[in-house]
Number of protein chains: 2
Amino acid sequence: MGSARVTASDVAKAAGVSQPTVSRVFSRSTSVDPEKAERVRKVARELGYIPNLVARSLNSGNSFRIGIVLAYLKNGFFSEALHRLSKALNAKGYSVTVYFAGNSADEVNAIVDDLLADRVDGIVLASISLSNTLVSRVRNSGIPCVLFNRGQSDPKTSMVTASNFDGGKRATEFLIAAGHKRIAHLAGWREALNGVERMQGFLAAMQAAGMEPAACTDCHFRRTVAMQETRRLFAQPQVPDAVFVANDHMAFGVLEVLREELGLRVPQDVSVIGYDDAPMAAWKTFDLTTVRQPLNRMIEATVALLLGEIQGENRKPEKVEIPGQLVVRGSARIPVGWHDAEKEAVAGCQRPDPTGARK
Amino acid sequence: MGSARVTASDVAKAAGVSQPTVSRVFSRSTSVDPEKAERVRKVARELGYIPNLVARSLNSGNSFRIGIVLAYLKNGFFSEALHRLSKALNAKGYSVTVYFAGNSADEVNAIVDDLLADRVDGIVLASISLSNTLVSRVRNSGIPCVLFNRGQSDPKTSMVTASNFDGGKRATEFLIAAGHKRIAHLAGWREALNGVERMQGFLAAMQAAGMEPAACTDCHFRRTVAMQETRRLFAQPQVPDAVFVANDHMAFGVLEVLREELGLRVPQDVSVIGYDDAPMAAWKTFDLTTVRQPLNRMIEATVALLLGEIQGENRKPEKVEIPGQLVVRGSARIPVGWHDAEKEAVAGCQRPDPTGARK
DNA sequence: CTGAAAGCGCTTACAG
DNA sequence: CTGAAAGCGCTTACAG
């Protein structure tokens, strides 16, 4: 029962045309007599005919499905990215299948098999915890693939990232300009290029200022690890007066430890800067100064790159790096006379008005 | 190029067997000579053969795909649900395709068409904003469907919810027992049964205690609306001394307004209770007392119901209601002698130890 | 246990 | 513009 069983042949019979003609009406590949087409559409509507994409997939070779590989959704930046990426791909006629990749190699391999078996037309790898094995297996499969927010040294795969080095550098410069003397960095993950680049930006800024990092430790992009590291750092005789955290997700945990456990005031006692501008960063509860990853533009670029590879003439892999701006909120002290300087610094960005982001 | 193009016929030729035999090895429908099967597997591995699920779908009639319809992922309870549901369904051999349903009728209708065109084997409707049109169109399509955390009066569709009436009642009783006199309820959405039932539980508890609600307003399950309502309520001459909020997502916003904007202390000045036990509720930043929706059990039930309908003999629609327990944290005053009473009250639940949830 | 045959519901050259 | 035919890569009775 139900309209799902009606086929093109049923419609053809009822409309007095051949089955390929029905097909032509719905795939608008070749032109069909307008009058006849209208009749077909009418009959199809009455019968509740909806073309079977599975059948179309089989002989066209396109499944019109994109696979998105993620680690988890606890990080609000990723759930927001999934939502928008999904909407953007739907708008282009693709449906989106999600695959959650844990950390074990077996699991990751199983996911590649699933992706291949499902015959997705393209893949977005948005998982932080991707092993290089996964990336190379996917590349070998010949399925178009874009790394989203997860740079990789391999130059044969397309990727879309923010300007991580630059972002890390500017966040650090902001802290230095505000007069902080003991600046710590809670880094992402040494295996993930985006974390590494943010850290390198941090180190470059510190070195340029002739300053020694108060700390610089790997937190695996994990909230609980960052919280533990914060406890450790602030249990030492010499505590930091500012912390640059490699993403907002960890920064929320850092703020929690500082305020709730240690009773410190932010930013009076310690400044905190995150990375991403996840939706929650704007909540007054966190009011987190952070480096924005321009999600919309990253998604546009990802979709363009992916569909370019799928539909276009075998394009070259491309590395797209999108500049992000520092979003100044209440969690970090503001350097004296910062406004003017910053206006200059972000002149090349799309949203040059820093006050607009302060809300 | 790449292994994606290798077909069963290629493997058959290379292994010196017929194509159906290769098929049998991989679908293990009929038995195959063990030695021959091993040879086929070996050749397949060498050639990088992976069965094409699209082709399998076309003639088996099963796509091995489940569609999940969501409104958005900003609410952490939903993103967590998506993650776990996805893992659970993957474990059963299904891949998961996501569909984001906005609020416009056109959009919702387009999604139904997509679901039907994609020939998903089953559907989980987890969106709060589902119109009844969507539900009935899906039901008419004959595709097995389960409403997740979204009750509906229509008795012909399976659904999995928490015991919303009971949860709302118990949260309210907890506030009453703690001595609160002016208790407000920021309700979910009058069009969504789960919100309505929580509200009815609230009203029932108030009535049983002979108390008048300080307020009871519909907030559409939207954080910003709940925040606005909080501002309004606390601008009145008679302010509430406790607020029961219909979900955690809104409660986080309520806490923010109370603490950051109004400078109130929680729970000294006002108690707050939420609903869901979203992951963030346990963060010390929020420390939110809430009614847990037992996600794992809800997901188990959803998967069981859905696969039962897909694989089993046309089952009857079923309404599964899973009891949830009050998770006591710091955002609401604790009634004197509450422990003993509560132990009794939750005796029927799976996790009868309320202290275990306090962390 | 296994091969030849038919068919799942479409799309796409191929003739007209 | 349009129908008859072949085929996408499998699964599934049907004979052996």
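The structure displayed is predicted, hence computed values, not measured ones. Order of the sequence lines sets the chain letters (A, B, ...), proteins ahead of strands, with each chain counted from 1.
- Remark: aromatic rings of His83(B) and Phe100(A) are close, center separation under 6.0 Å.
- Looking only at distances, no side-chain donor or acceptor of Arg119(B) sits under 3.5 Å from a matching main-chain atom of Ser57(B).
- Sparse packing is recorded around NZ of Lys156(A), with 12 or fewer heavy atoms of other residues, nucleotides or ligands lying under 6.0 Å away.
- Phosphate contact (OP1/OP2 of dT12(C), side-chain N/O of Ser60(A), threshold under 4.0 Å): absent.
- Between Asp113(B) and Arg137(B) there is a salt bridge, since a side-chain N of the basic residue sits under 4.0 Å from a carboxylate O of the acidic one.
- Across dG9(D), dG7(C), dC10(C), the shortest atom-to-atom separation from the side chain of Ala55(B) is found for dG9(D).
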Dot-bracket summary - DNA chain C, pairs being Watson-Crick or G-U whose distances fall under 3.5 Å, with | when paired to another strand
|||.||||||||.|||

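- Side-chain to base pairing of Arg24(A) with dG3(D): one donor and one acceptor N or O lie within less than 3.5 Å of each other.
- Using a 4.5 Å heavy-atom cutoff, the side chains of Cys145(B) and Leu125(B) are in contact.
- Projected onto DNA chain C by closest heavy-atom contact, Gly16(B) and Pro20(A) fall at different nucleotides, the more 5' of which corresponds to Gly16(B).
- Both Val17(B) and Asn52(A) sit near DNA chain C, but only Val17(B) has its closest nucleotide nearer the 5' end.
- Around the NZ atom of Lys319(B), the shell of radius 6.0 Å holds more than 12 heavy atoms that belong to other residues, nucleotides or ligands.
- Closest to the Val32(B) side chain, of the nucleotides dT2(C), dC10(D), dC10(C), is dT2(C).
- Distances shown here put every side-chain N or O of Ser57(A) at or beyond 4.0 Å from the OP1 or OP2 atom of dC10(C).
- Of the candidate nucleotides dT2(D), dC10(C), dG9(D), dG9(D) has the atom nearest to the side chain of Leu58(A).
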